[in-house]
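Please read the structure below before turning to the comments.
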Amino acid sequence: MSLDALQEVWFTLNQNRLRTFLTAFGVFWGIFMLVLLLGVGQGLKNGIEQSFSSDVRTSMWISSNKTSLPYRGLPQGRHIKLQESDVDFLKNQFPEINIIAAEEPLGSNFRADIYVTYGQHSGSFSVLGAGANYFKIKKSQNYHYGRRLNDLDEADARKVVVIGTKVAERLFGNEYNPIGHQIAINGVSVKIVGVFYDSGWEGRMSERIYMPLAAFQKTFGKGQNIGSIAVVPHSDVDNVALSERILGMLKERHKISPQDNTALRLFDLAKETEEINNTFTGIGLFLWFVGLGTLMAGIVGISNIMIISVKERTREIGIRKALGAHPRQIIYTILSESLLVTLIAGYVGLVLSVGLLELYNWMTNEYGIELPYFSHPEVDVHIAIVALLILVCVGTVAGLVPAWQAARISPIEAMREET
Amino acid sequence: MISLEGIHKHYTSDSRRLHVLKGVNLSIDDGEMVSIMGSSGSGKSTLLNILGLLDTYDHGAYQLGDTVISAGLSEAKAAQLRNRFIGFVFQSFNLLPFKSALENVALPLYYQKIGRKARNYRAEKLLDMVGLGERTKNMPNELSGGQKQRVAIARALITDPRMILADEPTGALDSATTDDVMTVFKEVHRTGKTIVIVTHEHDIAEQTERLILLKDGQVERE
């Protein structure tokens, strides 16, 4: 569009400020709500994803419990304990397994109940023994200081630990690097080699302390028992089929009835992730639907106002045609008006909604506000581009009917109208 | 030269078919100043609309200079020809109320895609010619009836058209301003423009070179 044509369009729009404002507001609101809704949807998704642990998303976690059925002469209510040998057994039986690792808690599972001290400072945390390869599964743990536990730590049964950031904060304060210091777990001294952050359970996974399994078993007299086994299959493997076969084998090995569904538990992260992803695809579609609905209302609004505008301007358009305006030029003018209003209003809506999301992010960061299951609402560039494309289409569609009507105005009829 | 031969025009309103022009024959030489008169319903407005390419005719032949105007002329083509060959002056001025005198005069050149600077330069010269050189920035509601009509004449002249068509150009003016406007028309005529004035006032018709009297859809007397 030439500057001249733009000036002509701007001039007309400026003539009818209220009408232009009302038209613009419909689109502004549509885009504003669409982007805000999508941003909030993303915030929910981010929040839920953060509550996942840093574990590889295809991992499966197997733990044991009491049997619920008698089997081969053995009574029900028998306590099943997984053994370190189960890890080697599964690894040999299933070539589909990529990574397998064992984990054993010192106290009860998932409860921060082990007394840990450093000088005058103390706290209760979860302490776990982590077998070889364990940290290949805790892939996205974020290390603030030091390093992960490695194969040498395990092979030499070193009395070293990695601690979560919340443990470090409690025992050492916020800014202090605790690497190399000794802490006492149930009175046993161990050396800190790493400090990590794990987003799992909204950060509560960072209240943990991990020690190499070999050292852990020796130090705390745990024998060969393990609390859970983590399995990550190769990428092309069907998790569901594999998990059934693994459970079948383990039941056979521990003499558990094939019908017993409580003695062994398997938590499939891939399945959970998929279910949550599906839910979010649904929520996402719903948000688009609502957002586009709002936008549609905006289009109808513009179209209506433009139709009224064309009706009001019948005489003006008639005069323009008498003076030599080509019908195409009239269509072009009306479409340009509609498009310009849409683009400006939509752009403002886009900027304000993204601004509002950013403001929220800035404030939550600045003041450390955390909402449960809601984190960092945002819209990505693709959505912004799609929203802009939608705007262009909206502007054109909204202008089409009025433009067509304007082009059909007969100059004689128009000029006969009373001013 | 402008020539009309056997022009017929029908209108259909409320399922009645009206035969408005019944074989109009007419020729106007280049540089002529003519008036068309006729009582209400004689078809003079319809004739003016056809001459001005604002309306199409049903039968006959119309030649505008070297251009043959066909019966089914498209709106797009008509717009183009109007812009190039015809300047309009209306009884009710038909100025755009939200544009200044200068912008109103310059508007037809916008549709010829001529730049703003060149448009405004020509518009200023024409406003000067019609005696409104000091009023270029005034809005139509700040001008008197006579001044508005002079703006309209300047606007009609800006594309340097072959013919100026004026539909009751003095119908809304008092007698003093009517004389002013007619003086402008005569000055324009002296520059060699063809001028066709539709009027019902004898005083006006008498100031033109030739009178065409229309009665019941036909030319009764020339």
Look at B:Gln80, B:Arg119, B:Gln112, B:Glu103 and state which one has the largest set of heavy-atom pairs under 4.5 Å with chain A.
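Ranked by heavy-atom pairs under 4.5 Å with chain A, first place is B:Arg119.
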
For the candidates B:Gly52, B:Pro97, B:Ser45, B:Pro108, which exhibits the highest count of non-hydrogen atom pairs separated by less than 4.5 Å from chain A?
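Winner by heavy-atom pair count: B:Pro108.
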
Count the heavy atoms belonging to other residues, nucleotides or ligands that lie under 6.0 Å from [atom1] of [X], then report whether that count exceeds 12.
X        : atom1 : answer
A:Tyr347 : OH    : no
B:Arg84  : CZ    : no
B:Lys215 : NZ    : no
B:Lys125 : NZ    : no
B:Glu5   : CD    : no
A:Trp288 : CH2   : yes

When rounded to the nearest 0.5 angstrom, what distance separates NE2 in A:His326 from OG in B:Ser74?
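Reported to 0.5 Å precision, the distance equals 7.0 Å.
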
What do the steps show when you test A:Arg408 against B:Glu75 for side chain to side chain contact (heavy atoms under 4.5 Å, CB included), and what is the final call?
CA-CA 9 Å; A:Arg408 284 179 40 177; B:Glu75 175 53 34; over 6 Å; no

With side-chain contact (heavy atoms from CB on, under 4.5 Å) as the test, pick out the partner of A:Leu323 among B:Ile86, B:Leu107, B:Leu96.
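When side-chain contact (heavy atoms from CB on, under 4.5 Å) is applied between A:Leu323 and each of B:Ile86, B:Leu107, B:Leu96, only B:Leu107 qualifies.
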
Minimum heavy-atom separation for [X] and [Y], please, with both atom names.
X        : Y       : answer
A:Ala325 : B:Ala79 : O-CB, 3.5 Å
A:Ile319 : B:Leu95 : CD1-O, 4.4 Å
A:Ala322 : B:Phe88 : O-CE1, 3.5 Å

Pull out the residues in residues 143-163 of chain B that come under 4.5 Å of chain A, heavy atom to heavy atom, sorted by number.
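At a heavy-atom separation under 4.5 Å, chain A is reached by B:Arg155.
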
Side chain, backbone, both or neither: which part of B:Leu48 has a non-hydrogen atom closer than 4.5 Å to chain A?
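The answer is neither part of B:Leu48.
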
At a 4.5 Å cut-off on heavy atoms, which part of B:Lys113 comes close to chain A: side chain, backbone, both, or neither?
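The answer is the side chain of B:Lys113.
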
Under 4.5 Å from any heavy atom of chain B - which part of A:Arg320:
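Both backbone and side chain.
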
Using heavy-atom distances under 4.5 Å, tell me whether A:Gln329 contacts chain B through its side chain, its backbone, both, or neither.
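Side chain only.
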
